[in-house]
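Computed from heavy atoms alone, side chains included, the values below leave out hydrogens, waters and symmetry copies. In the text below, chain A, chain B and the rest are named by the order of the sequence lines, each starting its count at 1. Source: prediction; values computed, not measured.
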There are 2 protein chains.
Amino acid sequence: MPRASNRDSVLDAFAELLAHDGDRAATLDAVAEKAGVSKGGLLYHFGTKEQLVGGLVERLDDLVDEDIAQLRAAPEGVVSEFLRVSVANDSPLDRTIVALARLAQDQRYPEAHTALQRMQERWRALVAEAVTDPVVARIVMLVSDGLYFSSLLDVAAPETSREEIDEIIAMLRRLDTPS
Amino acid sequence: MPRASNRDSVLDAFAELLAHDGDRAATLDAVAEKAGVSKGGLLYHFGTKEQLVGGLVERLDDLVDEDIAQLRAAPEGVVSEFLRVSVANDSPLDRTIVALARLAQDQRYPEAHTALQRMQERWRALVAEAVTDPVVARIVMLVSDGLYFSSLLDVAAPETSREEIDEIIAMLRRLDTPS
DNA sequence: GTCTATAACTTGATAGAC
DNA sequence: GTCTATCAAGTTATAGAC
C-alpha cells in the first residue's frame with residue numbers, strides 16, 4: 001500500500017475541513033484547494049462526494065481497529081485509556097470521528113451514521129468486558145459521549161483538563177470496586 | 001403577546017426540520033412549505049436566515065428560563081430532574097436545543113453557538129450549587145452532554161431508558177454523599 | 001493522472017403585484 | 001401580510017484536452 005499519495009492528502013483535507021470548519025465548508029472546491037490538487041484531479045480519485053465519504057469511513061474502521069488493540073493493551077486498564085482518548089486531542093482518530101459525526105447529521109450520508117454506530121458498539125462491548133457493574137459501564141460510555149459532544153460543539157463546560165479526567169477515572173474506578 | 005401566529009408556525013417548522021432532518025434540509029423553501037406559507041410570506045416575518053436563527057435563539061433563552069425554574073422547584077432534587085430532562089423526550093426545549101446544536105456547527109451562525117454556551121453555563125452553575133463534590137458535578141454535566149450527543153447523532157448505545165437513568169441517578173447521588 | 005471549462009441544479013434573497 | 005416571479009451565487013458533476 002503506497003503512502004502519502006495524493007489520494008491520502010485529499011482525504012486528510014476533507015477530514016480537516018469537516019472537523020475544523022464544518023460540513024458546509026467541506027466543498028469539493030475547498031477540499032481540492034487544501035489538498036493542492038484541482039477539482040478534476042480530486043474527482044479522478046473519488047468520483048463522487050459519496051465516495052469521498054466512503055474513503056473516510058474506511059479510514060475510521062482502520063483507526064478503530066488500532067484503537068481497540070491499543071485499549072486492550074493499555075497497562076492502566078481499558079476504562080482509563082478509553083476516557084483519556086475520548087478527550088479531544090486532535091489525533092487522526094479524533095479528527096476522523098468528528099468529521100464523520102458532522103456528516104452523520106446529514107441524511108444524505110447514512111454510511112457515516114452506521115460507521116459511527118459500529119465504532120460505538122465495539123467500544124461498548126469492550127467497556128462492558130472491563131467493568132463489573134453495568135450501570136458504571138453506562139456512565140463510562142455517556143461520559144465519553146459527553147467529551148465528544150464537547151469537541152463537536154466546542155460548547156460544553158470549559159474543556160476538560162488532564163487532571164480532571166484523572167479524577168473522573170479514579171472516581172469511576174472506585175465506583176466499580178465497592179469497598 | 002399573540003399566540004399561534006404564522007410567525008410561530010414558521011419557527012416551529014424551522015426547529016422541527018433542523019432537529020429531525022438536519023441542517024441542509026432546513027431551507028427557506030422547506031420551512032415555508034412545512035409552515036404552510038410561501039417563501040415571500042416567510043421572509044416578511046424573518047428578513048434573512050440569520051433572523052430566523054435569532055428567533056430560535058430567543059425561544060431557547062425563554063425555554064431555558066422555564067427549565068431552570070422547574071429544576072429549582074423539583075422535589076426530587078436538581079440533579080435527578082436535570083438528568084431526566086436530558087434524555088431525549090422531544091419536548092419543545094429538547095427540539096430547540098438539537099436544532100441550535102445543528103446550526104452551531106455551521107460557522108455562519110455564531111449566535112447559535114453562544115446561545116448554547118449560555119445555557120450550558122446556567123446549568124453548570126445550578127448543578128454546582130446542588131452537588132458537593134466538584135468531580136461528581138463534572139460527571140453529571142458530562143453524562144447530560146452524552147445524552148444530548150446521543151439525540152444529536154442517534155448513534156450512542158441503544159437509547160437510555162427511564163430505568164437506566166434512575167439507576168444512574170441513584171449511583172451518582174450515592175457518590176456525592178459518601179457513607 | 002491531472003487539468004480547464006462548463007452544464008445542471010439548489011439556495012438565499014430581491015422586486016413588485018395584490 | 002402574503003403572494004409570484006426572478007436573480008446571483010454557490011455546488012456537484014461531466015466532457016474532453018493534455
Side-chain angles (χ1 to χ4, degrees), chain A residues 1-57 99-100 102-112, chain B residues 1-57 99-100 102-112:
Chain A
M1 206 166 183
R3 357 176 277 88
S5 63
N6 254 354
R7 205 190 119 104
D8 285 330
S9 321
V10 166
L11 231 39
D12 287 344
F14 186 43
E16 215 165 305
L17 280 168
L18 279 169
H20 193 266
D21 300 321
D23 188 15
R24 277 202 151 90
T27 67
L28 297 186
D29 272 303
V31 173
E33 187 186 348
K34 192 176 179 91
V37 299
S38 73
K39 190 165 17 172
L42 186 162
L43 284 166
Y44 167 78
H45 293 292
F46 302 96
T48 70
K49 196 161 188 181
E50 225 171 312
Q51 287 176 38
L52 201 51
V53 176
L56 217 53
V57 166
L100 281 169
R102 292 259 151 81
L103 292 170
Q105 292 170 78
D106 189 330
Q107 75 275 32
R108 289 178 305 177
Y109 307 114
E111 330 94 77
Chain B
M1 208 170 182
R3 358 177 276 87
S5 63
N6 253 353
R7 207 189 117 103
D8 286 329
S9 321
V10 166
L11 231 40
D12 288 344
F14 186 43
E16 215 165 304
L17 279 169
L18 278 170
H20 193 266
D21 301 320
D23 188 15
R24 276 204 151 89
T27 66
L28 297 186
D29 273 302
V31 172
E33 187 185 346
K34 193 178 179 87
V37 300
S38 72
K39 189 162 22 168
L42 186 162
L43 285 165
Y44 168 77
H45 293 293
F46 302 95
T48 72
K49 196 160 188 182
E50 226 173 310
Q51 287 176 37
L52 200 52
V53 176
L56 217 53
V57 166
L100 281 169
R102 293 260 152 80
L103 292 170
Q105 293 170 76
D106 189 332
Q107 75 273 34
R108 289 178 305 177
Y109 308 114
E111 331 94 78

Find the distance [X]:[atom1] to [N]:[atom2] and express it as a whole number of Å.
X        : N      : atom1 : atom2 : value
B/Arg108 : C/dG12 : CZ    : P     : 7 Å
B/Phe46  : C/dA13 : CZ    : P     : 13 Å
A/Arg24  : C/dT10 : CZ    : C1'   : 11 Å
B/Glu33  : C/dT10 : CD    : P     : 14 Å
B/Tyr109 : C/dT11 : OH    : C1'   : 10 Å
B/Leu42  : C/dT14 : CG    : C1'   : 15 Å
B/Asp29  : C/dG12 : CG    : P     : 8 Å
B/Leu52  : C/dT11 : CG    : C1'   : 14 Å

Nucleotides 13-18 of chain D: which of its N/O atoms have a protein N/O under 3.5 Å away?
residue	atom	partner	partner atom	Å
D/dA13	OP2	A/Lys49	N	2.9
D/dA13	N6	A/Lys39	NZ	3.4

> Which atoms form the tightest heavy-atom contact between B/Leu42 and B/Ala32, and what is the distance?
Replying inline: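 So the two residues come closest at CD1-N, 3.7 Å.
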> Pairs in or reaching into residues 32-55 of chain A: which pass side chain to side chain donor-acceptor pair (under 3.5 Å), with residues at least two apart or in two chains?
Replying inline: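 Qualifying pairs: A/Asp29-A/Lys39.
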>> If the condition is side-chain contact (heavy atoms from CB on, under 4.5 Å), which residues does A/Asp12 pass it with, not counting sequence neighbours?
In response: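 Applying side-chain contact (heavy atoms from CB on, under 4.5 Å) to A/Asp12 gives A/Arg59.
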> Using a cut-off of 4.0 Å on non-hydrogen atoms, how would the nucleic acid contact of B/Thr27 be classed: base, sugar-phosphate, or nothing?
Replying inline: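 Answer is sugar-phosphate: B/Thr27 comes under 4.0 Å of backbone atoms only.
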Just so I know, are the side chains of [X] and [Y] near enough to count as touching, which here means a heavy-atom distance under 4.5 Å?
X       : Y        : answer
A/Phe46 : A/Leu11  : yes
B/Leu17 : B/Thr27  : no
B/Asp23 : B/Gln105 : no

>> Taking the minimum atom-to-atom distance to the side chain of A/Tyr44, which one of D/dT12, C/dG1, D/dT2 wins?
In response: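 The answer is C/dG1, which lies nearest to the side chain.
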>> Please determine whether a side-chain nitrogen or oxygen atom of B/Asn6 lies at a distance below 4.0 Å from atom OP1 or OP2 of D/dG1.
In response: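 No, no such contact exists.
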>> I'd like to know if B/Arg24 pairs up with A/Asp106 as an ion pair, taking the criterion as any Lys NZ or Arg NE/NH1/NH2 lying under 4.0 Å from an Asp or Glu carboxylate oxygen.
In response: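 Between A/Asp106 and B/Arg24 there is a salt bridge, with a charged N closer than 4.0 Å to a carboxylate O.
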